[in-house]
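Residue numbers start from 1 in every chain, and the chains themselves are labelled A, B, ... in the order their sequence lines are given, proteins ahead of strands.
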Amino acid sequence: GNSVTQMEGPVTLSEEAFLTINCTYTATGYPSLFWYVQYPGEGLQLLLKATKADDKGSNKGFEATYRKETTSFHLEKGSVQVSDSAVYFCALPPRGGSNYKLTFGKGTLLTVNP
Amino acid sequence: GAGVSQTPSNKVTEKGKYVELRCDPISGHTALYWYRQSLGQGPEFLIYFQGTGAADDSGLPNDRFFAVRPEGSVSTLKIQRTERGDSAVYLCASSLTPSGGPDTQYFGPGTRLTVL
């Protein structure tokens, strides 16, 4: 079935540093890909998505490009802020549809220090 | 407007006990989902409701787990004879669109269950 492998954390950066969180996927076909974020004490939120190969999803200064050649969907941000401290999850739907039923990576904890 | 709420936020119980976890979805959302997030893992799908009925319960790990949504709004996840391995954060999500894609799901903050 479809799966994601996500860079293990934790990741600790200083404010204004460049962020990359790696995510690679194994999938049949080209399913939509997602990044979710979980801020401390809050519910999981969709951060961005890409629905087809070569698409770039972006939101709140974060970007991720759906690269079929490398089966990757790495999350990047040029200049992180303390408020970006959270757990980030890469996700995709399972093989065969059921688009509501996501498969998540293990999550990467990001801490940004002032 | 109010988001998805879950109660209690934390629940500590003893092995073998019965627990109920509650989810209040966003008003008007017909679809409701439960996920389980074990320590160091991403959320795993448990069950999906469309209205009052369970449309997909393939993620429930065994028959100790059961969920209901009798009036198509609030849902309760019930766990019988709890085991230490049931310790996790239980997440609820709701969406307006029936079997909507994941980008339409709004998540609650979760209930942290600890089984001693």
Considering only distance and modelled atom types, tabulate donor-acceptor pairs under 3.5 Å from the side chains of residues 18-26 of chain B, sequence neighbours left out.
| residue | atom | partner | partner atom | Å |
| --- | --- | --- | --- | --- |
| B:Tyr18 | OH | B:Glu20 | OE2 | 2.6 |
| B:Arg22 | NE | B:Asp24 | OD1 | 2.7 |
| B:Arg22 | NH2 | B:Asp24 | OD1 | 3.4 |
| B:Arg22 | NH2 | B:Asp24 | OD2 | 3.2 |

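Two different hydrophobic clusters hold A:Leu92 and B:Phe107 under the rule that ILVMFWY side chains link at heavy-atom gaps under 4.5 Å. Note on B:Tyr35: it does not cluster hydrophobically with B:Ile79, by side-chain heavy-atom contacts below 4.5 Å among ILVMFWY residues. There is a path of hydrophobic side-chain contacts, each under 4.5 Å, that joins A:Met7 to A:Leu13. When the side chains of ILVMFWY residues are joined at heavy-atom separations under 4.5 Å, either directly or via intervening members, A:Ile21 and A:Tyr25 end up in a single hydrophobic cluster. A:Val87 is connected to A:Leu46 through a chain of hydrophobic side-chain contacts under 4.5 Å among Ile, Leu, Val, Met, Phe, Trp and Tyr, so both are in one cluster.
One distance of note links CG of A:Leu102 with CD of B:Gln105; it measures 6.0 Å at 0.5 Å rounding. Taking CZ of A:Phe104 as the reference point, atom CD of B:Gln41 lies at 13.0 Å (rounded to 0.5 Å).
You'll find the side chain of B:Pro43 reaches within 4.5 Å of the side chain of A:Phe89, heavy atoms only.
Under the rule for a ring-ring contact (aromatic ring centres under 6.0 Å, His included), A:His74 has no partner lying at least two apart in sequence or in another chain.
The candidate with the highest count of non-hydrogen atom pairs below 4.5 Å against chain A, out of B:Gly108, B:Gly59, B:Gly110, is B:Gly108.
Taking all atoms of both residues into account, the shortest heavy-atom contact from A:Gly41 to B:Pro109 is O-CB, 4.0 Å. Closest approach of B:Phe45 and A:Lys101 over heavy atoms only: CD2-CD, 3.0 Å.
Residue B:Glu44 does not touch chain A at all, counting heavy-atom pairs closer than 4.5 Å. If you measure heavy-atom distances from A:Gln38 to chain B, the contacts under 4.5 Å come from the side chain alone. Heavy atoms closer than 4.5 Å to chain A are found in the side chain of B:Ser58, but not in its backbone.
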